[in-house]
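Note sheet for the following structure.
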Amino acid sequence: MSTSLLLMLRARRMKSSSLCIKEATKSLYLKPFIKKRLFSSTSTLNGQRRDPGLASTGQASYPIEVSGPEGLPSRSEQIRRLASSSSASPYDILVVGGGATGCGIAFDAASREGSIKVACIERGDFASETSSRSTKLIWAGIRYMATATASLLSKKLLTSPLETLNDFAGEIKMVLNCHKERRYMTDKQRHLTNWVPIAIPFSEWHVSPAPFGHPIFGFFPVLAPFVLKIYDSMSGFTCPPSYVMGREKAKEIFPQLADRLIKYCAVFYEAQHNDSRTNIAIAMSAAEHGADISNYVEMIDTITEDDGKTVIGIKVMDRMTNEKFDIFSKKVVLAGGPFTDTMRSLEPAEEEMKTAVSAASGTHLVLPGYYCPQNIGLLDYNTSDGRFLFFVPWEKHTLVGTTDTKCPAETLPAPPEDEVKWILDECGKYLSKDLRVRRSDVLSAWRGWRPLAADPYAPPGAPVSRDHIISENPETGVIFVAGGKWTTWREMAEEAVDKVVGEDGPKARTLDLKLFGGEGYSPNLSIQLIQKHGMSNDTAVMLAKTYGGRSWEVCEMSHPTNHVWPRFGKQIVPNYPYIDAEVRYACKEYACTIEDVLSRRTRLAFLNKDAAMNAIPLVADIMAEELRWTEDVKAEQMIAAQAYIESYAGRIPGNQESTLRGSNYENVKELFDAIDTDFSGFLDRTEVGELASTLGIDLSEMDLDTAFQEMDLNSNGRVDLQEFEVWWSETNDSDFYKKLSKEMKISDLKSMGGGTMLG
């Protein structure tokens with residue numbers, strides 16, 4: 001052991017013992033700022049089992065009435081309208097589900113000629129489930145084109161030619177519809193969408209084993225440019241054209257790529273959007289056209305005719321006030337995505353309900369932006385288990401996904417750690433060896449559930465489809481819509497309303513309509529916002545692409561920064577463009593909880609779990625001011641937000657505590673490596689604090705300072721292995737040392753040895 005380090009340690013002890021350290025008054029480091037308490041949500045409602053994740057969403061807050069966006073009713077007014085329906089004056093259509101499909105149905109129906117009376121409710125926030133957890137692409141189905149071709153060229157063509165041809169035609173029709181809907185979004189909703197080029201790198205001319213299970217796709221590296229031109233043609237060449245990128249250009253644009261020999265890259269375009277914002281825009285558009293729509297209204301039962309079968313309405317509860325009321329409608333449409341069967345279980349039935357929807361979860365990771373160029377993404381079309389893996393820029397970060405695992409749907413977005421690890425391993429195949437993708441680089445991770453639907457009234461053995469199903473219960477008259485994808489939300493909505501109004505009913509107009517915020521948007525809007533309100537460029541660009549023409553309303557609610565620049569728009573957290581005005585405006589757009597703001601009105605929780613956690617107090621203060629929360633309600637809302645955001649994965653794996661406690665450390669170096677989560681070769685104050693938090697060791701800010709200063713013998717803010725070994729071997733009276741030894745269950749402290757240096 002170094003003599004100089006020993007002398008420094010002893011001098012540090014003498015200095016520390018001479019100080020009278022008072023009890024710290026600062027908050028505990030990374031400890032929940034409010035003690036955990038029980039939530040009011042119950043595990044059952046009207047005898048039905050509820051998703052446990054609902055306990056951390058939608059806590060009753062009894063908000064005051066806040067005016068809606070300009071020209072729209074407030075949420076409170078929407079509730080009053082919903083509660084005023086009766087059997088004598090019912091709605092024409094009542095939609096249950098506020099995701100993209102449900103809000104789309106409400107928008108479509110309300111915008112048709114003939115004054116269709118429309119209602120729509122959602123048990124959580126708009127887009128709080130599947131619709132906010134996508135890959136953020138409005139893609140036209142290149143994978144389906146490939147699988148359809150593989151099926152067409154299979155042996156099945158010889159054994160069942162008609163069936164094979166029909167299946168192929170059906171898949172190609174679906175892809176053509178996806179192209180049509182993608183064009184609608186990119187042409188009409190320019191305030192919500194953008195094109196993103198996606199490169200497919202090829203390092204060999206033949207791939208084995210062949211993708212999609214067909215030998216012809218082994219030659220995909222040769223066929224790709226031709227295939228992508230066919231893909232372009234399916235949209236009438238209205239998208240930016242695909243092209244070939246040579247090896248040298250690929251190295252220039254993708255310095256992050258591995259040094260393996262890349263033959264070339266084939267590049268094609270897909271549309272991209274902020275999925276939750278698009279969903280909210282659809283909901284607000286429905287309200288603009290007269291639909292009575294609200295979030296946090298939960299269906300708890302159905303209302304039937306005297307026959308006990310025909311459904312004429314539903315019983316609901318406003319989760320913000322716990323008040324229950326009835327909504328009557330001539331037709332009820334269920335649009336619950338992967339939760340549709342839970343809704344269907346509330347229908348009266350003499351026989352056991354047949355399953356209509358199964359679910360497949362998909363995990364996504366968000367990595368720092370430097371892992372991907374800001375203007376182009378990557379596609380791995382042949383991962384180790386045959387899935388597509390997108391690697392795309394999103395909100396100045398890198399979004400990677402997705403997995404595909406069949407399992408029951410859940411409300412909380414918690415991703416399995418093994419899927420996080422799988423995605424990181426797949427990333428490593430493409431990235432340069434000197435650019436290691438670390439587990440600590442995961443800023444946020446989540447999973448959503450895709451609905452895979454089959455008509456329960458179809459013949460046995462009908463295939464589970466990624467396309468959508470619209471089906472009506474012949475006994476209750478209830479219609480459900482399930483399946484599909486983000487790209488086809490408008491098409492599904494149109495078909496669902498067509499089924500309700502019939503062939504002679506009014507026709508859809510949505511192809512000609514802009515969504516909420518579309519009016520007043522122009523490519524130069526962000527510059528106008530800067531010139532008018534003194535916003536930072538990042539904030540102005542974000543506002544324009546989020547709220548479109550409604551950005552002016554948001555900016556009017558911004559507070560002065562009292563700085564030379566930017567003059568208006570206080571950031572809710574450093575290094576992100578989101579500002580205080582968005583929180584205030586979110587309350588107008590029916591946001592009811594802190595998590596609504598952090599997950600969907602802004603995307604902070606999806607981009608950076610730690611940043612979202614840090615923003616909770618400020619967002620709580622603003623919402624409490626706008627909605628007049630009491631201190632108790634504010635405390636409950638903060639607890640609920642923290643619990644929900646904690647369910648995202650982040651830099652620290654969810655199993656980190658069991659890993660730390662369950663490891664058998666041979667020497668001090670192994671312990672050091674376990675704590676050094678970012679593999680930097682040193683420990684900083686944050687890592688030591690996170691270690692304490694993970695193990696449940698209570699440390700005040702002052703306690704943490706003391707513990708770290710004991711280790712940091714060079715006082716440079718970094719504790720290297722040698723310093724840590726000295727601290728571990730020579731310290732036996734440190735409070736943190738004793739607690740750490742106890743929690744790690746290292747009883748014989750001297751038996752650990754010094755690793756390579758002290759052994």
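Each residue takes its place number in the sequence, starting with 1.
- Applying the side-chain contact (heavy atoms from CB on, under 4.5 Å) test to Val541 and every residue at least two apart in sequence or in another chain returns Ser526, Asn537.
- Annotation: the span from Asn375 atom CG to Asn194 atom CG amounts to 11.5 Å, rounded to 0.5 Å.
- In this structure Lys570 satisfies the salt bridge (charged side-chain N to carboxylate O under 4.0 Å, His left out) test with no other residue, sequence neighbours excluded.
- Aromatic pair Phe339/Trp449: centroids not less than 6.0 angstrom apart.
- More than 12 heavy atoms of other residues, nucleotides or ligands sit less than 6.0 Å from atom CZ of Arg438.
- Between Tyr370 and His397, the distance from one ring center to the other does not fall under 6.0 angstrom.
- Residues satisfying the side-chain hydrogen bond (donor to acceptor under 3.5 Å, both in side chains) test with Asp580, not counting sequence neighbours, are none.
- Side chains of Glu595 and Ser599: a donor-acceptor N/O pair is present below 3.5 angstrom, by distance only.
- Under a cutoff of 6.0 Å and an axis angle of 45°, Arg600 and Phe126 do not form a cation-pi pair.
- Residues satisfying the side-chain hydrogen bond (donor to acceptor under 3.5 Å, both in side chains) criterion with Glu122, sequence neighbours excluded, are absent altogether.
- Residues meeting the side-chain hydrogen bond (donor to acceptor under 3.5 Å, both in side chains) test with Glu395, sequence neighbours left out: none.
- Side-chain contact of Asp596 with Thr593: a donor-acceptor pair under 3.5 Å is present, judged by distance alone.
- Sorted by first and then second residue, the salt bridge (Lys or Arg N to Asp or Glu O under 4.0 Å) pairs with a member in residues 613-624 read Asp621-Lys634; sequence neighbours excluded.
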